[in-house]
Amino acid sequence: MNSQKKIHFEISERKILLKIFDVIVVLSSLYLIGSFFDFKYFSFSTTNFYWVIVLAIYLNLFGSVFEMYNLQVASNQFQIIKSIILTTSITVLVYLLTPIYTPLLPSNRLQIIIFYITILISLMVWRIFYVKFLASHRFIKKAIIVCDKEQLQELVSGLENVDPHYKFIGFVNSDGEQNFKVNYNGIKSIKPDDLEKFFKSNSISEIVVASQKTEGITANLYNQLIHLLENGVIIKEYTQLYETITQRIPVQYVSRDFYRYFPFSRNNQNQLYLLVSRLIDISFSLIGLSFGLVFLPLIIIGNIIGNRGKLFYTQERIGKNGKVFNILKYRTMVKNAEANGAVFTTINDSRITPFGKFMRKTRLDEFPQFINILKGDMSIIGPRPERPVFVQEIAEVMPFYETRHIIKPGLTGWAQVNYSYGDSIADSLVKLQYDLYYIKHRSIFLDINIFVKTFSTVLFYRGQ
């Protein structure tokens, strides 16, 4: 056995560790500053323990909003510095403005500066250490994949593109050809008879079985897998691993017995969850429309100058159970934008006016949809509603596409906060995977996650 076996944490574990160590580092730094310097604003005692809890909550909450726990951002030194500055600034500001749950504002304003600099520098040092030493190849997880040779490249890239620390280094061909040579990503071909030996000599963490042809799993290969399983080796089915790592359903690998792969969340029929969701929809819609009225004068002026057309426009969309409804939006395109028929909106679409681009990036164009939510056509969170012509076109070539209509469409959703704008059938497939993941795992915790990520999308000007 190779003694240089790497440590590897799963994606969810890495996020939890980042959150925990962010809090530990900040609190430790504040404790040290209070012990060695004249810093009285934030002190530790049994009578004000809730100060610590509130600071930890604020730090994790605003860290999530500003993408401190996005692993791609956390592994990039320049992006994480921006996130740290934003997180620290907003955390300190909100902490200072909630003296009911936090210390009273000090008379010496220097205390506030010390508080801010301590949090900022401690997070900077810890996160740069993480980038340099922890987010490196030291955490690579090695795996073996069992699949058909035609699928190897697609299956491997599908996981490694999402988690670069997950590496397939061995491949067992399950279509019967034993002398097949692999010419992809340094992966070595393994004969079934050598599987156990290769596993032990290369510090493999797990084996992934992705073959859709059960006849390719020979008795010899099957017995070896069983023997390894009995000895504590982790063996995973590819679609389950794909769902865990990517947080989307791999519909391209799912056969007709789809209920095996995504039994839908019980919350889709949970009347209490649905009632709470509806109350939240109504509350946020009223708040959203109130904010919309504040921006309305700016939008009217911008529309007159930049769009030169009607302020509002309606469009048919597919809702729950395939019911057609009219969605309401602010205009962002030139007049007669679809004179030649309906087409997907693309990135840098020439039909979008400059003011319309601003509206889309900030998502101001979607404020009128709160009216659709109040009417019950939509929800705050759910799959984005698509136009009937596109639904028909996509459903003809993509299995399970209309499955997304079993719940109400949403103003924002799991696909919108995880994937950029889609302007093709291929993009629709990826977004469908996210939508089905939401339908399968729908819960209040996932809804909160989407809500927080939506704030990040708006704040970083990444609207669609």
Going by the angle between their ring planes, with limits at 30° and 60°, are [X] and [Y] parallel, tilted or perpendicular?
X: Phe451; Y: Phe455; value: perpendicular
X: Phe355; Y: Phe358; value: tilted
X: Phe133; Y: Phe129; value: tilted

Applying salt bridge (Lys or Arg N to Asp or Glu O under 4.0 Å), run through Asp377 and Lys323 and close with a yes or a no. CA-CA 9 Å; Asp377 296 327; Lys323 181 182 177 181; 5.2 Å; no
Identify whether the distance between the nearest side-chain nitrogen and carboxylate oxygen of Glu386 and Arg404 falls below 4.0 Å. no
Going by the rule side-chain hydrogen bond (donor to acceptor under 3.5 Å, both in side chains), which residues pair with Gln369 if we only count those two or more places apart in sequence or in a different chain? Arg384
Taking atom [atom1] as the centre, does [X] end up with more than 12 heavy-atom neighbours from other residues, nucleotides or ligands that are less than 6.0 angstrom away?
X: Phe291; atom1: CZ; result: no
X: Tyr313; atom1: OH; result: yes
X: Phe44; atom1: CZ; result: yes

When you check the side-chain N and O atoms of [X] and [Y], is any donor under 3.5 Å from an acceptor?
X: Tyr58; Y: Thr98; answer: yes
X: Tyr242; Y: Arg248; answer: yes
X: Asp281; Y: Ser379; answer: yes
X: Arg442; Y: Asn268; answer: yes
X: Asn70; Y: Gln79; answer: no

Using the side chain to side chain contact (heavy atoms under 4.5 Å, CB included) rule, pick out the option among Ile16, Leu18, Leu17 that qualifies with Tyr69. Leu18
Check for me whether the distance between the ring centres of [X] and [Y] falls short of 6.0 Å.
X: Phe115; Y: Tyr95; result: yes
X: Tyr330; Y: Phe295; result: no
X: Tyr434; Y: Tyr438; result: no

Pairing residues for Thr88 by the side chain to side chain contact (heavy atoms under 4.5 Å, CB included) criterion, not counting sequence neighbours: Ile84, Val92, Tyr116, Ile119, Leu120, Leu123
